[in-house]
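Here's the structure we're looking at; comments come further down.
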Protein chains: 2
Amino acid sequence: MWLTINLNSETAIYTQIRNQIIEGIIAGSIKENDSLPSVRQLAADLGVNLHTVNKAYNLLKQEGFITIHRQKGAVINPAENYRADQDYLVKLSKELRPVIAESLCRGMTRTDFIEAIDIIYNEFKSLKKEAKNNG
Amino acid sequence: MWLTINLNSETAIYTQIRNQIIEGIIAGSIKENDSLPSVRQLAADLGVNLHTVNKAYNLLKQEGFITIHRQKGAVINPAENYRADQDYLVKLSKELRPVIAESLCRGMTRTDFIEAIDIIYNEFKSLKKEAKNNG
DNA sequence: TAACTGTTATACTACATATATAACACATAT
DNA sequence: ATATGTGTTATATATGTAGTATAACAGTTA
């Protein structure tokens, strides 16, 4: 399993799991209609409680990324199910506003900020290439 | 006082206070060497406990934005005290990564994302103009 | 029928947030 | 000198979230 968690991180374990599955989708290491491990399996692999994984899966379900079937487990939805809509744009804006505010306060220009996000975009591009070569 | 808090928000009150003071700095409604209200005064104005405000102030102090003097109260530092350094860039990157990941997953391109941040940059530009006219 | 799935329920620990009081230490204006 | 206002420290309490530990339930499938 490509998924790893950091117990010392400030980020909640269930959030780390959620985030890494989303990264897995954009990297291409998991695709539409792929199944995720069962909550018990993934919990055992990560050394955490089943409820922690369950919480991550339910969050992903609520956000539209997966559908949970009894027996088939959690399955990645087609991309149409979670396209950016107005609600998401509002949520995104609320997340970004304090981040941009702090960067401005610390003297970063818009150009500096875009430089910072481009590093991240390039990392994701590399992940995608990597997954393509391995899959 | 230009500061308002939302008790129903998911964001902790002390975080809301911190964020709005940072926005106040970039808007220009508070400037270098300006004093913030005392913890008791601001707590009374906002209808919250003194410790909640104190927590916000100590966070701002730890981040370099203000210096807390006994008697003089909390004073905005000169910008040199909180310029973006390497540690901050690492923190920024860690904040942005999952946000960008989700936006990519939801089909947003880099261009779409920059469009979203530009709306925020324009809001801050308006705030700055507004504060200039009033101050 | 047995095994595996998500789900629900209960109980517990630990930590973060927020409040409520009270007292302390320091500076300053009266 | 004394009263006032400042940040600071110390308790105590309530609430919510995160995480764990068990156990049982309800479907599906081999």
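Naming: A, B, ... by sequence-line order, numbering from 1 per chain.
If B:Gly47 and A:Leu50 are placed on DNA chain C by their nearest nucleotide, the residue sitting closer to the 5' end is A:Leu50. Residue-to-nucleotide proximity on DNA chain D shows that, of B:Lys61 and A:Asn49, the 5′-proximal contact is made by B:Lys61.
Inter-residue side-chain proximity for B:Lys91 and B:Glu95 is flagged as met; some heavy-atom pair is nearer than 4.5 Å.
A donor-acceptor contact shorter than 3.5 Å is absent between the side chain of B:Tyr14 and the backbone of B:His51. At least one donor-acceptor pair closer than 3.5 Å links the side chain of A:Gln16 to the backbone N or O of A:Thr11.
Between the P atom of C:dA18 and the CD atom of B:Glu10 lies a distance of 13 Å, rounded to the nearest Å. Nucleotide C:dT17 holds its C1' atom 8 Å from the CD1 atom of B:Ile13, rounded to whole Å. Computed from coordinates, the B:Asn54 CG to D:dT8 P distance equals 6 Å when rounded to whole Å. Distance B:Leu59 CG to C:dA16 C1': 14 Å, rounded to the nearest Å. The separation between B:His51 atom NE2 and C:dA16 atom P is 17 Å, rounded to whole Å. Taking atom CD1 on B:Ile17 and atom P on C:dT17, their separation rounds to 13 Å, with Å as the unit. Look at CD on B:Gln41: it is 7 Å from P on D:dT6, rounded to the nearest Å. Rounded to an integer number of Å, the gap from B:His69 NE2 to C:dT28 C1' is 15 Å.
Taking only distance into account, the side chain of A:Arg40 meets the base of C:dT7 through a donor-acceptor pair shorter than 3.5 Å.
In this structure, B:Lys55 reaches the sugar-phosphate backbone alone: every heavy-atom distance under 4.0 Å involves primed, P, OP1 or OP2 atoms, never a base.
Residue B:Tyr14 places its side chain closer to C:dT17 than to any other of D:dT20, C:dT17, C:dT7. Taking the side chain of A:Ser38 as heavy atoms from C-beta on, and the options D:dA18, D:dT20, C:dG6, the nearest nucleotide is C:dG6. Nearest to the side chain of A:Val39, among D:dT22, C:dT17, C:dG6, sits C:dG6. Counting only heavy atoms from C-beta on, B:Arg70 has its side chain closest to C:dC26 among C:dT7, C:dC26, C:dT17.
A sub-4.0 Å separation between OP1 or OP2 of D:dT20 and a side-chain N or O of A:Thr52 is present.
The side-chain contact (heavy atoms from CB on, under 4.5 Å) test with B:Val39 is passed by exactly one of B:Thr52, B:Ile68, B:Val53, B:Asn49: B:Val53.
Ring geometry for A:Phe65 against A:Tyr82 counts as tilted: the plane angle lies between 30° and 60°, on a 0 to 90° scale.
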